[in-house]
Amino acid sequence: MLIEAFSVVNTMASEIKFTQDTMKQFNVAKSFNVNKDRINAMNFSLDGETLISSSDDDSIVIYDCKEGETKRTLFSKKYGVDLIHFIHGTEQVLHGSTKVDDSVRLLQLEGNKYIRYYSGHTKRVVSLSICPTEDTFLTSSIDNTLRLWDVRIPTAQGLLNVQTIAGPHTRPIANFDPEGVVFAAGIQSSLIKLYDIRHFDKGPFTTFRPLEMMENTDKQTTNSTLPTEQWTHLKFSPDGKMISIATNGTSLHLIEAFQGLPIHKFTDFVNDRHEPLQCCFSPDSSYILCGSGDNRILIYKAESGEKVIEKQTEHSGAIQCIQFNPAFLMFATAHTNMLFWLPMIDAQPTDDVPS
């Protein structure tokens, strides 16, 4: 039964036209209870066959997505592990540190050996993204800097100082666009700057304040110079046309990628503990999948903003990790346990949103 269910993974996501019915057919196909603490990050390989996760219990777990099995568990007891990400293949990963210092580390999975440390940040790294076309990666830290790195060199090749005022909203976030030509930096939870990776030293080629644009239609209060929610995650859609901005509050913002025009603001989340929630896009950019603090996932149409489905999950707390497989028809969610979701054709959809 399980092998038959996971044969669905052989369906290429690029071959599927995602519809509301497709999204409603997703249900949990496999649950893993490997970790003893929160899973803080996860990443699919580009071929979609492998998933890797990092956890606050210092473990790194490797999953076989086609077989629905765990392949291996490693540990980083000395340095801790966060923000784990494959680097152009499945033999090496980059990850942030939670102990000793704030370096990013390059780990060879075979043999569990560190190859290189990338030092420079003086406080915790809060975002790490890989350029899809080069051996380049980007980090941002609560030391108010963004650094651009060549994976072959232990020192940063570029440094951007983020000018902010002191306070809880000084956490910068950043990510590359799907073409690997542009990166976006979210600053002080209110400002987005877009940089050409080839000329980042010349400064941003455009800057916008998406929340101020939203205030014109949303009638939000403007008495405070700082937002009440902190931006925690920024991501381009796979087609490069949109940017999602997740927060540690109860809002998710969807904006146009190169002008910052507001598209939608989603506010159906529970997040009493102000966890850094995340969202992801379907591979065709037509749907947005979001985790909530009360163990629900919510799925919206990107174009209309309509909530098409919400589901209770087996997670015992906030869903801080959610990712769609880039190659196959599946997605994963995580809290302290990991869930693999597949479209079960014979399953009856549950928790449909009333029309």
Side-chain angles (χ1 to χ4, degrees), residues 41 43 83 85 94 96 104 121 125-134 136-149 156-164 169-214 226-227 229-248 251-266 276-281 283 285 288 290 302 322-324 326:
N43 180 239
L83 303 172
H85 205 296
L94 290 165
V104 173
H121 284 299
V125 174
V126 293
S127 74
L128 187 158
S129 57
I130 310 296
C131 182
T133 59
E134 299 182 35
T136 302
F137 67 98
L138 178 68
T139 56
S140 67
S141 165
I142 56 177
D143 65 9
N144 286 331
T145 67
L146 292 98
R147 295 171 191 259
L148 197 64
W149 310 79
Q157 302 303 290
L159 171 65
L160 295 173
N161 284 297
V162 181
Q163 299 298 320
T164 62
H169 297 280
T170 58
R171 163 183 175 148
I173 52 176
N175 216 329
F176 288 102
D177 82 317
E179 301 299 321
V181 176
V182 170
F183 67 85
I187 299 169
Q188 207 166 316
S189 298
S190 62
L191 183 71
I192 288 182
K193 296 185 177 185
L194 298 183
Y195 293 84
D196 185 325
I197 189 174
R198 299 161 296 183
H199 309 292
F200 67 89
D201 56 322
K202 296 181 179 179
F205 63 83
T206 190
T207 299
F208 43 80
R209 295 180 179 271
L211 297 192
E212 288 186 3
M213 298 180 188
M214 288 182 179
L226 288 175
E229 296 180 333
Q230 186 180 68
W231 293 359
T232 57
H233 192 253
L234 179 153
K235 189 174 184 65
F236 281 87
S237 59
D239 63 9
K241 296 179 180 179
M242 298 172 285
I243 295 175
S244 65
I245 305 169
T247 73
N248 68 346
S251 299
L252 168 71
H253 305 283
L254 185 65
I255 64 173
E256 192 277 334
F258 287 95
Q259 297 182 45
L261 299 174
I263 300 175
H264 300 296
K265 177 183 177 182
F266 306 107
L277 300 178
Q278 284 191 11
C279 66
C280 70
F281 292 91
S285 303
I288 302 174
C290 310
I322 181 167
Q323 281 195 27
F324 218 107

Quiz prompt | Check: Ser140 and Val126 side chains under 4.5 Å, non-hydrogen atoms | solution = yes
Exercise. Walk me through it: do Phe258 and Thr206 pass the test side chain to side chain contact (heavy atoms under 4.5 Å, CB included)?
Key: CA-CA 8 Å; Phe258 287 95; Thr206 190; 5.6 Å; no
Quiz item: Are any of the side-chain heavy atoms of Ile130 and Asn43 separated by less than 4.5 Å?
Solution: no
Quiz item: For Leu191 and Thr207, what are the C-alpha separation, side-chain angles and deciding distance, and is it a side chain to side chain contact (heavy atoms under 4.5 Å, CB included)?
Solution: CA-CA 7 Å; Leu191 183 71; Thr207 299; 3.2 Å; yes
Quiz item: Ignoring hydrogens and geometry, is there a side-chain-to-backbone donor-acceptor pair from Ser237 to Lys241 under 3.5 Å?
Solution: yes
Exercise. Evaluate the ring planes of Phe200 and Phe183, with Trp represented by its six-membered ring, and classify them as parallel (under 30°), tilted (30 to 60°) or perpendicular (over 60°).
Key: tilted
Exercise. Look only at the side chain of Thr247 and the backbone of Glu229, and say whether a donor-acceptor pair between them is shorter than 3.5 Å.
Key: no
Practice problem: Apply side chain to side chain contact (heavy atoms under 4.5 Å, CB included) to the pair Lys235 and Cys279, showing each step before the final yes or no. | Solution: CA-CA 8 Å; Lys235 189 174 184 65; Cys279 66; 5.9 Å; no
Quiz item: Any idea which heavy atoms bring Asn144 and Pro172 closest together, and the distance?
Solution: OD1-CD, 4.2 Å
Quiz item: Between Ala246 and Gln278, what is the shortest heavy-atom contact and its length?
Solution: CB-CA, 4.1 Å
Self-check item: NZ-CZ distance between Lys193 and Phe205, expressed to the nearest 0.5 angstrom
Solution: 13.0 Å
Quiz item: Just how far is it from atom CG of Leu234 to atom CD1 of Ile187, taken to the nearest 0.5 Å?
Solution: 10.5 Å
Quiz item: Taking all atoms of both residues into account, what is the closest heavy-atom pair of Ala185 and Leu146, and its distance?
Solution: CB-CD2, 3.9 Å
Exercise. Check whether more than 12 heavy atoms from other residues, nucleotides or ligands sit under 6.0 Å from atom CD of Glu179, and answer yes or no.
Key: no
Quiz prompt | Contact check, side chains of Phe137 and His85, non-hydrogen atoms, under 4.5 Å | solution = no
Exercise. Let me see the working for Ile288 and Leu252 under side chain to side chain contact (heavy atoms under 4.5 Å, CB included), right down to the final yes or no.
Key: CA-CA 10 Å; Ile288 302 174; Leu252 168 71; 4.1 Å; yes
Self-check item: Non-hydrogen side-chain atoms of Ile192 and Pro210 separated by less than 4.5 Å
Solution: yes
Quiz item: Minimum heavy-atom separation for Ala174 to Ser129, with atom names?
Solution: O-OG, 4.0 Å
Practice problem: Enter the distance from Phe176:CZ to Thr133:OG1 here, rounded to the nearest 0.5 Å. | Solution: 8.0 Å
Quiz prompt | Pairwise distance CZ(Arg147) to CG(Leu128) - rounded to 0.5 angstrom | solution = 13.5 Å
Quiz item: So which heavy atom on Phe324 is nearest to which on Cys280, and how close?
Solution: N-SG, 3.6 Å
Quiz prompt | Any Trp149 side-chain heavy atom under 4.5 Å of Val104 side chain | solution = no
Self-check item: Backbone N/O of Ala302 and side chain of His264: donor-acceptor pair under 3.5 Å
Solution: yes
Self-check item: Among Val181, Leu138, Ile197, Leu148, side chain to side chain contact (heavy atoms under 4.5 Å, CB included) partner for Cys131
Solution: Ile197
Exercise. Search all heavy atoms of Gln230 against all heavy atoms of Asn248 and return the closest pair with its distance.
Key: N-OD1, 2.8 Å
Quiz prompt | Close side-chain approach of His233 to Ile173, heavy-atom, < 4.5 Å | solution = no
Practice problem: Rounded to the nearest 0.5 Å, what's the gap from NE2 on His121 to CG on Leu159? Could you check? | Solution: 8.5 Å
Quiz item: Between Leu261 and Phe208, is any pair of side-chain heavy atoms under 4.5 Å apart?
Solution: no
Quiz item: Is the side chain of Asp177 donor-acceptor paired with the backbone N or O of Val182 at a distance under 3.5 Å, no angle test?
Solution: yes
Quiz item: Hey, does the side chain of Ser189 reach the backbone of Trp231 with a donor-acceptor pair shorter than 3.5 angstrom?
Solution: yes
Self-check item: Side-chain touch Arg171/Thr232, heavy atoms, less than 4.5 angstrom
Solution: yes
